[in-house]
Amino acid sequence: MNWKSRWSEQHVDVDALKQQLETEGFNAYEWSGRPGGAYLDYIHTADEVVCVLSGTADVKVADEHGSIESGDRVDVPANTYHSITVTSHEPLVVLTGMRKT
């Protein structure tokens, strides 16, 4: 899974993470998905990054499947279909961003 990595093994300062993503060229913002929510097969014309702050989810990027949890980072290339299904009983809270164009 080339799209998944770890950004943290412990609690992180969300403002510092947001600043890091912005230095990487992303417009970063916090997003929350409801428990059981499914956001299926969507696509963006810019690169997207998702850093999980809390909760868990199943993810599909192109034809690869995996699960994500707090501390995981998902990098989705532009024009790539991807899906997120929240699997935790709590909301999935992420810091996400789209590459600035």
Side-chain angles (χ1 to χ4, degrees):
M1 288 184 280
N2 294 333
W3 50 265
K4 180 179 167 182
S5 60
R6 296 288 293 172
W7 60 265
S8 176
E9 296 296 331
Q10 56 188 346
H11 181 72
V12 70
D13 179 342
V14 175
D15 290 332
L17 178 58
K18 183 176 181 180
Q19 184 176 13
Q20 171 62 38
L21 294 179
E22 289 176 353
T23 63
E24 292 179 30
F26 293 95
N27 289 314
Y29 58 94
E30 195 169 305
W31 177 84
S32 179
R34 61 180 168 73
Y39 310 89
L40 304 176
D41 289 331
Y42 57 100
I43 193 168
H44 303 289
T45 57
D47 295 340
E48 180 182 22
V49 64
V50 177
C51 295
V52 183
L53 303 176
S54 64
T56 60
D58 289 334
V59 177
K60 182 177 92 169
V61 177
D63 292 327
E64 294 187 21
H65 298 263
S67 59
I68 56 173
E69 63 185 13
S70 182
D72 284 340
R73 175 179 169 144
V74 177
D75 286 277
V76 181
N79 303 309
T80 302
Y81 281 99
H82 53 292
S83 301
I84 296 177
T85 302
V86 180
T87 56
S88 54
H89 296 291
E90 61 190 45
L92 176 71
V93 180
V94 301
L95 192 63
T96 189
M98 304 300 293
R99 174 98 43 210
K100 298 174 187 174
T101 56

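Keep in mind the model is a prediction, meaning the values are calculated, not measured. In what follows, residues are counted from 1 in the order of the sequence shown. Side chains are part of it too, since the values below use all heavy atoms of this structure and drop only hydrogens, waters and symmetry mates.
Taking hydrophobic clusters as Ile, Leu, Val, Met, Phe, Trp and Tyr residues chained together by side-chain heavy-atom distances below 4.5 Å, Val50 shares a cluster with Tyr39. When hydrophobic clusters are built by joining Ile, Leu, Val, Met, Phe, Trp and Tyr residues whose side-chain heavy atoms come closer than 4.5 Å, directly or via intermediates, Trp3 is grouped together with Leu92.
Residues Arg73 and Ser5 are in side-chain contact: their nearest non-hydrogen atoms beyond the backbone lie under 4.5 Å apart. Leu53 is not listed as a side-chain neighbour of Val94, based on a closest heavy-atom distance of 4.5 Å or more. Considering only heavy atoms from C-beta on, Glu48 stays 4.5 Å or farther from Val74 through its side chain. Between Val61 and Thr80, the closest side-chain pair of non-hydrogen atoms falls below 4.5 Å.
Across every non-hydrogen atom of Ser88 and Gly55, the tightest pair is OG-CA, 3.5 Å. For the residue pair Lys4 and Ser67, the shortest heavy atom distance occurs at NZ-O, 2.6 Å. In terms of heavy atoms, Thr96 sits closest to Val49 at OG1-O, 2.8 Å.
Ser70 pairs by the side-chain hydrogen bond (donor to acceptor under 3.5 Å, both in side chains) definition with nothing, not counting sequence neighbours.
If you take CD on Gln19 and CG on Asp13, they are separated by 9.0 Å, rounding to the nearest 0.5 Å. Rounding to the nearest 0.5 Å gives a distance of 5.5 Å between CD of Glu69 and CZ of Arg6. For the atom pair CD (Glu22) and CG (Leu17), the distance works out to 10.0 Å, reported to the nearest 0.5 Å. Expressed to the nearest 0.5 Å, how far CG of Asn79 lies from OG1 of Thr45 amounts to 6.5 Å.
Atom OH of Tyr42 is surrounded by more than 12 heavy atoms from other residues, nucleotides or ligands within 6.0 Å.
For the salt bridge (Lys or Arg N to Asp or Glu O under 4.0 Å) condition, the pairs that include at least one residue of residues 78-101, sequence neighbours left out, are Asp47-Arg99.
Proximity of a side-chain donor or acceptor of Ser83 to a complementary backbone N or O of Val59 within less than 3.5 Å is not detected. Using a distance-only test at 3.5 Å, with no hydrogens or angles considered, no donor-acceptor pair links the side chain of Thr85 to the main chain of Asp58.
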For residues 25-34, which side-chain N or O atoms pair as donor and acceptor with protein atoms under 3.5 Å away, sequence neighbours left out?
none

Item checked: Derivation of the side-chain contact (heavy atoms from CB on, under 4.5 Å) call for Asp41 and Lys60 -> CA-CA 8 Å; Asp41 289 331; Lys60 182 177 92 169; 3.2 Å; yes
